[in-house]
**Q** 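Before anything else, here's the structure in question.
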Amino acid sequence: PEFSLQVYERCVRSTLDSGTTTAVYFATIHKESSECLALVCNKLGQRAFVGKVCMDRNSPDYYVEETKESLQNTEEFINQVEKVGGNLVHPVITPRFVPSCSRQLMENLGNMSKERNLHVQTHISENKKEVEWVKNLEPDCDSYTQVYEKCNLLGSRTILAHGVHLSDQELSIIRKTDSGVSHCPNSNFSLKSGVCDVRRLKNHHVKVGLGTDCSGGYSPSLLNSMRLTILASNTQKFSREEDEDYEALDYADAIYLATRGGARLLDMEDKLGSLDTGKLADFILVDMKGQKNTVPFGHESSQDLVHKFVFLGDDRNVVKVVVNGKEVKDVRLSHRG
């Protein structure tokens with residue numbers, strides 16, 4: 001537990017300092033250390049959904065569970081997090097992905113999520129070899145997505161990471177079940193998984209938010225995810241030179257995905273994602289003089305400043321972070337201290 005607390009404090013502090021007010025975490029298969037992550041999120045004041053990872057097949061001997069053990073530990077983890085998490089920290093059902101989870105495990109986790117009204121997070125269609133593997137493992141299903149559908153894991157609170165190689169039929173299932181995709185461009189580029197066409201997902205009316213997928217990706221910052229989202233969309237545009245109507249995503253789209261898009265993905269758009277009256281007080285204060293690259297010249301419009309922050313800003317510009325009305329980062333206070 002001591003090592004877990006040390007690692008997770010650094011992790012949560014890093015995401016908070018970058019301006020992430022709400023995070024969804026894959027922890028590990030270990031119940032106690034996953035509980036430590038929930039405690040750290042609560043202590044540091046980050047709104048978080050923490051998942052104890054479940055996996056009972058096709059995994060290393062030193063990192064795998066028995067099915068019954070995984071389900072029992074998940075139940076105990078959920079009970080503990082609900083006991084200590086308060087209003088900020090919640091458990092999330094976390095089957096790692098189809099290749100490492102048996103049908104029995106996934107079906108039980110799906111039922112658990114429905115019975116306890118919990119969020120679900122998992123991976124889907126990250127790379128082509130993985131997709132083929134799933135077809136071989138689950139031959140009675142027409143697609144990767146259908147495996148999750150049959151296991152009762154899809155719904156308005158389901159977060160599917162990646163979704164790079166989804167078919168139109170799968171997108172239809174995801175939209176029909178009101179599930180959504182967490183776009184993780186840094187990880188997709190770093191692992192050479194492929195380039196997710198977010199515009200295509202949006203055209204299919206699928207909910208999309210942004211993720212970092214550390215350490216598949218190398219940055220814990222959503223600003224980095226926003227930039228690479230734009231880059232990924234630009235590469236999609238390059239391959240569609242004959243399609244003049246195809247619109248690559250711009251910085252405004254990236255901001256939406258990181259805020260309102262993420263709130264929709266969590267089925268919390270009535271509470272998070274914007275500064276509308278009545279929503280929870282989660283916001284950041286940005287100082288454009290926080291580092292040399294972003295210092296204004298003086299002629300910029302407010303739109304120009306936002307544009308500059310998206311492409312050039314970092315944690316030095318994020319001088320204050322407020323979650324649920326409480327300051328959880330204030331650079332000026334720390335400097336005075």
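Keep in mind that what you see is a predicted model, and the values were worked out from it rather than measured.
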**Q** So which atom in His204 and which in Asp168 form the shortest heavy-atom distance, rounded to 0.1 Å?
**A**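 For His204 and Asp168, the tightest heavy-atom pair comes out as NE2-OD1, 3.5 Å.
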
**Q** Give the intermediate values and the outcome of ring pair (Phe, Tyr, Trp, His ring centres under 6.0 Å) for residues His165 and Tyr144.
**A** CA-CA 10 Å; His165 304 286; Tyr144 203 146; over 10 Å; no

**Q** Within the 3.5 Å criterion, strictly below it, is a donor on Asp267 or Ser156 matched to an acceptor on the partner's side chain?
**A**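 Yes, side-chain donor-acceptor contact under 3.5 Å.
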
**Q** Heavy atoms only: give me the nearest Asn87-Arg47 pair and the separation to one decimal.
**A**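 Closest heavy-atom pair between Asn87 and Arg47: O-NH1, 4.1 Å.
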
**Q** Give every residue pair that meets the salt bridge (charged side-chain N to carboxylate O under 4.0 Å, His left out) criterion with at least one member in residues 171-181, sequence neighbours excluded.
**A**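 For residues 171-181, and leaving out neighbouring residues, the salt bridge (charged side-chain N to carboxylate O under 4.0 Å, His left out) pairs sorted by first residue read Glu149-Lys176, Asp178-Lys207.
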
**Q** Do the side chains of Lys202 and Asp253 get close enough for a salt bridge, i.e. N-O under 4.0 angstrom?
**A**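 Salt bridge absent between Lys202 and Asp253.
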
**Q** For a quick test of reading the model, state the closest non-hydrogen atom pair linking Thr122 to Pro95 and the distance between them.
**A**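 Looking at all heavy atoms of both residues, the shortest contact is OG1-O, 2.7 Å.
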
**Q** Is it the case that one hydrophobic cluster holds both Tyr8 and Leu16, taking links as side-chain heavy atoms less than 4.5 Å apart, direct or via other members?
**A**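 Looking at the clustering, Leu16 is in the same group as Tyr8.
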
**Q** Is a side-chain donor or acceptor of Asp282 paired with a backbone partner of Thr21 at a separation under 3.5 angstrom?
**A**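 Such a contact is absent between Asp282 side chain and Thr21 backbone.
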
**Q** Not counting sequence neighbours, list each pair that qualifies as a side-chain hydrogen bond (donor to acceptor under 3.5 Å, both in side chains) and has a residue in residues 90-101.
**A**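 Applying side-chain hydrogen bond (donor to acceptor under 3.5 Å, both in side chains) to every pair that reaches into residues 90-101, excluding sequence neighbours, yields Thr94-Gln121.
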
**Q** Determine which pairs satisfy salt bridge (charged side-chain N to carboxylate O under 4.0 Å, His left out) with at least one residue from residues 232-250, sequence neighbours left out, and list them in order.
**A**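 Sorted result for residues 232-250: Asp197-Arg240.
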
**Q** Tell me, which pairs form a salt bridge (charged side-chain N to carboxylate O under 4.0 Å, His left out) where one or both residues lie in residues 98-110, sequence neighbours left out?
**A**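 Salt bridge (charged side-chain N to carboxylate O under 4.0 Å, His left out) check on residues 98-110 returns Arg103-Glu138, Arg103-Asp140.
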
**Q** Taking only residues at least two apart or on different chains, which pairs with a member in residues 1-10 satisfy salt bridge (charged side-chain N to carboxylate O under 4.0 Å, His left out)?
**A**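 Every pair satisfying salt bridge (charged side-chain N to carboxylate O under 4.0 Å, His left out) with a residue in residues 1-10: Glu9-Lys43.
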
**Q** Knowing that exactly one of Glu76, Glu65, Glu32 qualifies, which makes a salt bridge (charged side-chain N to carboxylate O under 4.0 Å, His left out) with Lys52?
**A**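 Going through Glu76, Glu65, Glu32 one by one, the salt bridge (charged side-chain N to carboxylate O under 4.0 Å, His left out) with Lys52 is satisfied by Glu65 alone.
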
**Q** I'd like to check the salt bridge (Lys or Arg N to Asp or Glu O under 4.0 Å) partners of Arg264; sequence neighbours left out, ordered by chain and number.
**A**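 Per chain and number, Arg264 pairs via salt bridge (Lys or Arg N to Asp or Glu O under 4.0 Å) with Glu269.
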
